[in-house]
Each structure stands twice: as C-alpha cells, then as structure tokens.
Asker: 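My questions all concern the structure below.
Throughout, residue positions are numbered sequentially from 1 according to the sequence presented.
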Amino acid sequence: MHKIDFQPFFRRKLIQLYVWLLVGAAIGVGVLEYFYPAHTYLHWFPVIPVFFGVKGVVFIKALSWNALYGEKNLLNVYLLMKVIKMICLIALAVAYLLFLEETRYHFIVALAAFFLLHLVWETSFFFGYERILKQEKSNNESTDS
C-alpha cells in the first residue's frame, strides 16, 4: 500500500480557512465599527482570527504527520486536537477577561462566532480527509483483487 499525497488537499483547505477568517474578520470589524464606533475593542479583535488561523495550521500539520506515519490513530489525533483547541480557547478567553475588563460581552460573542466558523471548517476538513482515505482504501482493494 502506498502513501497518499494529501498536500494538495491540505493546501486547498488552508487557503479556504484563511479566506473564511479574513471574510469573518472583515464582517466582524464592519459590525463593530457600525454599532460601537468609539470602542477600544478593535485593538484586540485581530487576536481571535489569528488564534484560529494558527490553530488551523497546527490541525493540518498534525493530520499531515498522521497521514505520513499511518492512519491507525486518526480519531485519537482528531480528538486530541479538539481538546487542545478547547484548552487554548478557554485560556484565551480567561486571559482577556482577567486583563481587559471592558467589552467582555463583545469579545465572547466574537470568539463564539469564530469558534462556530472554525468548527464548520474543521468538520468539512475532516470529512474530506476521511473521503480521500476511503477512496484510496477502495482503490487498493479493487487493485488487489
């Protein structure tokens, strides 16, 4: 059985993630500027898309490593990434809430919106990854018989 080249898939999904984050950030800044034009919240707003962008790269690298060294523990890697994301997300929220008391509500709402956006991306990523694995497995089975 040969190794599957996931690099085009990973590259496409990473570009998709950054486009989604940029569009979400632009909409978020537009909404914040429209409803709260004088707020200092916008100084900290870029932390949220950057957090999810870095998390997306780590997610792709972890699954890339998993694809390179065997797919036996794919579910474990995926669930571990979910746990790490939740711990980092909670740490980010707690840090913001402890050190910056103004606009707590706005930060949590924006964080939740980006979390949902990232969750949709992560789900589509995982389903696409699984689809490629299943196609390759069926191709290998059909050539073996």
Asker: Within the structure provided, determine whether F125 and L17 are in side-chain contact (heavy-atom separation under 4.5 Å).
Answerer: no
Asker: Evaluate F10 against Y129 for side chain to side chain contact (heavy atoms under 4.5 Å, CB included), listing each step before the verdict.
Answerer: CA-CA 9 Å; F10 290 154; Y129 187 81; 3.7 Å; yes
Asker: Do the side chains of E122 and K13 get close enough for a salt bridge, i.e. N-O under 4.0 angstrom?
Answerer: no
Asker: Nearest 0.5 Å, what's the CG-CD1 distance between L89 and I84?
Answerer: 13.5 Å
Asker: What is the minimum heavy-atom distance between K85 and F51, and which atoms define it?
Answerer: O-CZ, 4.2 Å
Asker: Say whether, by atom type as modelled, one donor and one acceptor occur between the side chain of W121 and the main chain of Y18 under 3.5 angstrom.
Answerer: no
Asker: What closest approach, in Å, do P49 and F114 show between heavy atoms, and which atom pair accounts for it?
Answerer: CG-CZ, 3.9 Å
Asker: If hydrophobic clusters are built by linking Ile, Leu, Val, Met, Phe, Trp and Tyr wherever their side-chain heavy atoms come under 4.5 Å apart, do I90 and L98 end up in the same one?
Answerer: yes
Asker: Can you hop from L22 to F59 via hydrophobic side chains spaced under 4.5 Å?
Answerer: no
Asker: When hydrophobic residues are tied together by side-chain contacts of less than 4.5 Å, even through go-betweens, does Y34 share a cluster with V31?
Answerer: yes
Asker: Under a 3.5 Å distance rule, please check whether Y96 uses its side chain to pair with a backbone N or O of F107 as donor and acceptor.
Answerer: no
Asker: Find the distance between CG (L92) and NZ (K55) and round it off to the nearest 0.5 Å.
Answerer: 14.0 Å
Asker: So for atom NZ, which belongs to K82, do other residues, nucleotides or ligands contribute more than 12 heavy atoms lying within a distance under 6.0 Å?
Answerer: yes
Asker: Decide yes or no for L97 and I108: does some side-chain heavy atom of the first lie under 4.5 Å from some side-chain heavy atom of the second?
Answerer: yes
Asker: Do L111 and F52 make a side-chain contact, defined as non-hydrogen atoms from C-beta onward lying under 4.5 Å apart?
Answerer: yes
Asker: Using every non-hydrogen atom in the two residues, find where A62 and M81 come nearest and quote the distance to one decimal.
Answerer: CB-SD, 3.8 Å
